[in-house]
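Because the structure is a prediction, the values reported are computed rather than measured.
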Amino acid sequence: MSKLYFKLVTPEKTVADQEADSLSCPTSLGQITILPGHIPLVGNLVPGELVIKSGNSELFLNVTGGFVEVRPNNQIVILADAAEHHYEIDEQRAKEAVERAKKAMTETKLSAQEHAQVTAALERSLARLNVAKKHAHRKTPITGEGVFNE
Amino acid sequence: MAGMIDIKRRIKSVQSTRKITRAMQLVSGAKMRRAQNAALSSRTYSDLAWELIKNLSKTQELSPALLKVHPKAQKMAVLLISSNKGFVGSLNTNLLPKLKSLISETGLETEVIVYGQKGKEATVRNALSVTADFEKYERTIQPEDVYPISKLISDLYKTGKYKSVVIIYSHFVSTLQQIPTVKQLLPFEQDIITKAHKRKTEDDNEDGGIVGYGYNYLFEPNPKLVFNHLLPRIIESQIYQTMLEANASEHSARMIMMKNATDAASDIISDLTLTYNQLRQSKITTELTEITAGKIALE
């Protein structure tokens with residue numbers, strides 16, 4: 001079976017560059033899954049979870065919006081604003097971020113623009129927290145990577 | 001002897017100059033590493049984003065305002081990215097000839113948007129019309145810093161009076177090499193600038209640009225929403241990337257200049273020290289001869 005050639009980049013770094021069997025990503029119309037042989041597509045990403053399946057292994061990443069581009073020849077490019085592996089997420093900090101955003105929404109009077117910013121921040125941190133919680137039971141790879149990245 | 005005192009003074013002054021240039025070299029060395037890392041790590045993102053828009057602009061039948069071309073327009077907007085301070089060798093002075101040859105080549109009425117003090121001074125000196133002057137801050141560039149510039153550029157282009165928007169900046173190749181570069185930002189296709197100006201990239205083919213696949217893309221959720229989201233982001237990321245490149249170039253150039261200055265100062269010091277010692281030696285010799293001669297005369 002043909003494979004997907006998948007690349008996930010953020011302005012900071014290239015997060016993933018590998019082959020994969022399938023890829024699920026959150027778009028503004030809901031979660032979509034891309035399999036080899038998909039027609040060219042461009043979509044908006046929303047904050048949420050990205051699942052990359054390759055053989056028996058699965059990769060879970062949190063993305064905070066961006067774009068997905070499916071090119072001919074099974075090339076997939078994801079331009080994410082930010083992305084992190086599920087084991088890189090600091091659950092405590094994610095919780096605090098959610099709290100902060102919620103507090104900001106209830107307490108202060110916000111202009112329309114500020115309100116939009118806070119809502120977006122809340123959405124992002126909720127998505128991070130969900131990804132972290134969902135995979136909390138999974139063994140974290142003992143590489144030392146990600147521990148100091150935060 | 002009077003000559004010796006002068007030389008001593010000169011050695012002292014060159015030594016203190018070397019102290020200053022060495023300190024500046026160390027400072028820009030640290031800044032350089034940070035700027036280079038920033039520029040290199042975000043290059044993939046901006047290159048892929050650029051490919052994406054090239055692909056899309058070829059295939060799209062529905063055209064948002066930013067994808068339209070204005071072949072009859074008589075104006076061109078130039079974003080000139082330079083440094084605030086000097087001591088960077090020919091980095092800034094190399095940008096202006098690029099701008100001039102671009103103007104004479106296209107024959108369009110040119111309006112300059114300046115970013116960085118040196119570029120502003122040069123445009124004013126050459127009596128070019130300046131549309132906007134953005135202040136460059138001496139700190140790490142944040143993506144937010146780009147928003148006002150990208151908004152201004154998009155708004156200008158949307159008026160339909162501008163045939164193209166280009167960026168002139170120093171492209172970072174290595175610590176020793178920075179190339180003054182002209183990059184066409186808008187329109188995304190139909191190159192107005194000629195091949196000679198362009199930076200040669202690996203994925204360039206015979207036309208000098210990336211060719212779209214000619215496929216029809218599927219849009220999720222729909223073309224309008226995707227473009228509304230995508231186009232501003234792409235313009236921002238391109239401007240952001242050129243700024244990072246310019247920053248990396250600036251600090252690299254300054255580091256090299258300061259290193260050269262430090263080395264030159266060391267050379268001068270060793271030259272002067274040699275002359276000083278020779279003078280001292282000959283003075284001692286003369287004195288000795290005088291004393292001996294005096295002694296012989298007394299005997």
Side-chain angles (χ1 to χ4, degrees), chain A residues 5-18 23-35 37-48 50 63-83 113-114 116-117 120-121 123-124 149, chain B residues 34 37-60 62 64 67 140-147 203 210-234 236-241 243-244:
Chain A
Y5 303 99
F6 162 76
K7 213 179 227 180
L8 170 61
V9 291
T10 67
E12 278 86 37
K13 58 178 178 183
T14 306
V15 180
D17 188 352
Q18 62 183 87
L23 165 82
S24 305
C25 52
T27 69
S28 40
L29 287 184
Q31 195 87 4
I32 62 166
T33 298
I34 297 158
L35 294 168
H38 202 286
I39 60 163
L41 167 126
V42 178
N44 288 347
L45 286 185
V46 293
L50 200 84
V63 289
T64 55
F67 309 96
V68 54
E69 182 197 7
V70 182
R71 296 182 180 173
N73 310 324
N74 295 329
Q75 306 266 2
I76 297 183
V77 175
I78 292 190
L79 301 168
D81 298 344
Q113 197 190 352
E114 281 168 340
Q117 272 173 5
E123 209 179 308
R124 278 200 303 273
N149 278 356
Chain B
R34 215 175 320 137
N37 279 340
L40 293 180
S41 56
S42 67
R43 228 181 235 174
T44 330
Y45 183 89
S46 79
D47 284 353
L48 284 170
W50 194 241
E51 278 175 34
L52 168 62
I53 198 64
K54 287 270 180 185
N55 293 345
L56 285 181
S57 60
K58 295 255 158 124
T59 58
Q60 240 336 279
L62 170 144
L67 279 184
T140 329
I141 313 161
Q142 299 297 322
E144 292 89 64
D145 298 341
V146 178
Y147 296 163
D203 44 27
I210 307 156
V211 165
Y213 295 112
Y215 281 85
N216 271 319
Y217 275 86
L218 191 70
F219 287 93
E220 178 112 355
N222 61 49
K224 202 173 164 233
L225 278 176
V226 171
F227 274 123
N228 277 348
H229 210 71
L230 185 69
L231 293 176
R233 182 49 63 84
I234 288 202
E236 278 157 20
S237 80
Q238 296 305 314
I239 298 175
Y240 182 57
Q241 182 62 28
M243 282 180 182
L244 291 180

Legend entry - Check: A:Arg71 and B:Glu51 side chains under 4.5 Å, non-hydrogen atoms: yes
Inset, instruction - Kindly write out the residues that satisfy side chain to side chain contact (heavy atoms under 4.5 Å, CB included) with B:Thr44, not counting sequence neighbours, or none if the list is empty. - result: A:Val9, A:Thr14, B:Leu48
Legend entry - Non-hydrogen side-chain atoms of A:Asn44 and B:Phe219 separated by less than 4.5 Å: no
Inset, instruction - Measure the OH-CG distance between B:Tyr45 and A:Leu8 for me, rounded to the nearest 0.5 Å. - result: 10.5 Å
Legend entry - Counterpart residues, side-chain hydrogen bond (donor to acceptor under 3.5 Å, both in side chains), relative to A:Ser24 (two or more places apart): A:Thr33
Inset, instruction - Below 4.5 Å from any heavy atom of chain B, which atoms of A:Leu79 appear? Answer side chain, backbone, both or neither. - result: both
Inset, instruction - Could you grab the distance from atom CZ of A:Phe67 to atom CG of B:Leu52, nearest 0.5 Å is fine? - result: 8.0 Å
Inset, instruction - Check whether B:Arg233 gets within reach of chain A through its side chain, its backbone, both or neither, counting any heavy atom under 4.5 Å. - result: side chain
Legend entry - Spatial distance of atom CD (A:Glu69) from atom CD1 (B:Ile53) [nearest 0.5 Å]: 9.5 Å
Inset, instruction - Side chain from CB out, backbone as N, CA, C, O: work out which of these in A:Val42 comes under 4.5 Å of a heavy atom of chain B, or both, or neither. - result: both
Legend entry - Winner by heavy-atom pair count (cut-off under 4.5 Å) against chain B, out of A:Ile32, A:Val70, A:Leu29: A:Leu29
Legend entry - Under 4.5 Å from any heavy atom of chain B - which part of A:Val68: neither
Legend entry - Minimum heavy-atom distance B:Ser42-A:Pro11, with the two atoms named: CB-O, 2.9 Å
